Protein chains: 2
Amino acid sequence: MTDTRWLDETEMAAWRAFLSTSHLLERRIEEQLKAAAGLTHAQYEILVRLSGAPGRQMRMTELARGVVASKSALTYQITQLEKAGLVERTTCPSDDRGVLAVLTETGMRCLEQIAPGHLEVVRRYLIDRLTREELEVLTAAMRRTEEALRA
Amino acid sequence: MTDTRWLDETEMAAWRAFLSTSHLLERRIEEQLKAAAGLTHAQYEILVRLSGAPGRQMRMTELARGVVASKSALTYQITQLEKAGLVERTTCPSDDRGVLAVLTETGMRCLEQIAPGHLEVVRRYLIDRLTREELEVLTAAMRRTEEALRA
DNA sequence: AGCTGGTCGTTCAAATCTGAACAACAAGTA
DNA sequence: TACTTGTTGTTCAGATTTGAACGACCAGCT
């Protein structure tokens, strides 16, 4: 509170661009997924994480960390995905408190079907507009702040 | 749908890092603002935009575009900020349909008071972790995709 | 003036997220 | 064993967002 470190032009420009772009991209992705499969981006990310996990299953808490969602938000979304038949709940054998979210065959097929359309959006607006070097700079920068935020 | 262009490792790494980090940062910012002033990040951004606008006022639609929010979301938030005395609504003199959101003196003082704490978070987790060059690369990249998304 | 298409901001119901509270269980310690 | 501390996932109420529908208004044209 003593003396405020404001952002200079370069810093402010970076922050504003990052902020606007992430929100705009989020919007577009949401729109595409809703139209293509009636899914939320949050739901899509859950399917992706599960599909990449051993046994296509994950503990609720671990999954929540992965997709950056609160525990209650994940509980809600898993319930929705369960109703849609894309995910199932299993009690964790090694921990009676635990719950395993498991990707069903239907869920896996659904994901394979909508992934191309989703990735097309990610490509068109972000990935294909960056050079190889920019991609690497972006990754390094993001990982540094991600690491700080996970602590 | 013909042949899918998947993302290679470099591309996927960039996308995942960008996605996780933007969500994590959003969370932290939300947490800080809530604790410091009981404000949402969306509300804070509205105050910032208004403070930088001529006459500290903006048309609803223009403001919605600026902060990347839907019209209904903005209507809701402006109502909240009005209840808090930080913003006022005025009928637009040149267009009877229009509504001007005006930042009040109280709103301006509130913003000046909480900006330092907010910027400190932006610095600590993002800005201060990037080199000058990285900041510029990030800005350029984000602006390119922002431009595409605004079209 | 009358029409037409478009824009503006709001409203509404439904969906989603948040954070605190909670009960059940785990793991270590005395 | 009994106790303590921490974790797990859910629940709940409240806050916020979404998208469609709507009435009011603008601008250009006839």
Side-chain angles (χ1 to χ4, degrees), chain A residues 22-46 50 57-84 87-102, chain B residues 22-46 50 57-84 87-102:
Chain A
S22 62
H23 286 171
L24 282 167
L25 189 49
E26 189 66 40
R27 263 179 169 310
R28 188 77 80 185
I29 288 172
E30 209 80 49
E31 176 188 27
Q32 192 276 326
L33 283 174
K34 195 81 70 183
L39 286 183
T40 298
H41 190 198
Q43 295 173 336
Y44 178 85
E45 279 303 312
I46 290 172
L50 288 179
Q57 58 185 28
M58 262 196 237
R59 287 288 294 269
M60 294 294 278
T61 295
E62 184 191 6
L63 184 52
R65 267 191 227 291
V67 300
V68 189
S70 67
K71 291 186 298 178
S72 45
L74 183 64
T75 292
Y76 174 77
Q77 288 301 172
I78 290 294
T79 301
Q80 298 309 106
L81 291 171
E82 213 172 11
K83 286 177 186 169
V87 167
E88 280 176 356
R89 267 188 244 247
T90 303
T91 56
C92 180
S94 62
D95 187 338
D96 284 337
R97 296 169 303 177
V99 171
L100 284 170
V102 189
Chain B
S22 62
H23 286 171
L24 283 167
L25 190 49
E26 190 65 40
R27 265 182 168 310
R28 188 76 82 184
I29 287 173
E30 208 81 49
E31 176 187 26
Q32 192 276 325
L33 283 174
K34 195 82 72 183
L39 286 183
T40 299
H41 190 197
Q43 295 173 336
Y44 178 85
E45 279 302 313
I46 290 172
L50 289 179
Q57 58 185 27
M58 261 196 237
R59 287 289 294 269
M60 294 295 278
T61 296
E62 184 191 5
L63 185 51
R65 266 191 228 291
V67 301
V68 189
S70 66
K71 291 187 296 177
S72 46
L74 183 64
T75 292
Y76 174 78
Q77 288 301 172
I78 290 294
T79 301
Q80 298 308 106
L81 291 170
E82 214 172 10
K83 287 177 186 169
V87 166
E88 280 176 356
R89 267 187 243 246
T90 302
T91 56
C92 180
S94 63
D95 187 339
D96 283 338
R97 295 168 304 176
V99 171
L100 284 170
V102 189

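Computed from a predicted model, the values in this text were never measured in an experiment. Below, chain A is the first sequence line, B the second, and so on; all start at residue 1.
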**OP:** Check the distance between C/dT16's P and A/His41's NE2 and give it to me in whole angstrom.
**Re:** 15 Å
Original post:
Who pairs with B/Glu30 by salt bridge (charged side-chain N to carboxylate O under 4.0 Å, His left out), at least two apart in sequence or on another chain?
Top reply: none
Original post:
Taking only residues two or more places apart in sequence or in another chain, which ones pass salt bridge (charged side-chain N to carboxylate O under 4.0 Å, His left out) with B/Asp96?
Top reply: none
Original post:
Which pairs, with at least one residue in residues 33-46 of chain A and sequence neighbours excluded, count as a salt bridge (charged side-chain N to carboxylate O under 4.0 Å, His left out)?
Top reply: A/Glu45-B/Arg16
**OP:** Sequence neighbours left out, what pairs pass salt bridge (charged side-chain N to carboxylate O under 4.0 Å, His left out) with at least one residue falling in residues 58-72 of chain A?
**Re:** A/Arg59-A/Asp95
Original post:
Starting at CD of A/Glu26 and ending at C1' of C/dT16, how long is that distance when rounded to a whole Å?
Top reply: 13 Å
Subject >> Over 12 non-hydrogen atoms of neighbours within 6.0 angstrom of CD in A/Glu88 >> reply: no
Subject >> Span of DNA chain D, from the first to the last nucleotide whose atoms fall under 4.0 Å of chain A heavy atoms >> reply: D/dG6 to D/dT18
Original post:
Looking across every strand, which nucleic acid part, if any, lies under 4.0 Å from A/Gln77 by heavy atom: base, sugar-phosphate, or nothing?
Top reply: sugar-phosphate
**OP:** Only counting residues at least two apart or in another chain, list the ones meeting salt bridge (charged side-chain N to carboxylate O under 4.0 Å, His left out) with A/Arg27.
**Re:** none
**OP:** Grab the CD-C1' distance between B/Gln43 and C/dT18 for me, whole Å please.
**Re:** 14 Å
**OP:** Could you pull out all residues at least two apart from B/Glu26 that satisfy salt bridge (charged side-chain N to carboxylate O under 4.0 Å, His left out)?
**Re:** none
Original post:
For nucleotides 6-15 of chain C, read 5' to 3', which letter fits each nucleotide if B means a protein heavy atom sits under 4.0 Å from the base, S means only the sugar-phosphate is that close, and - means neither?
Top reply: BBSBBB---S
Subject >> ring pair (Phe, Tyr, Trp, His ring centres under 6.0 Å) against B/His41, all qualifying residues, sequence neighbours excluded >> reply: B/His118
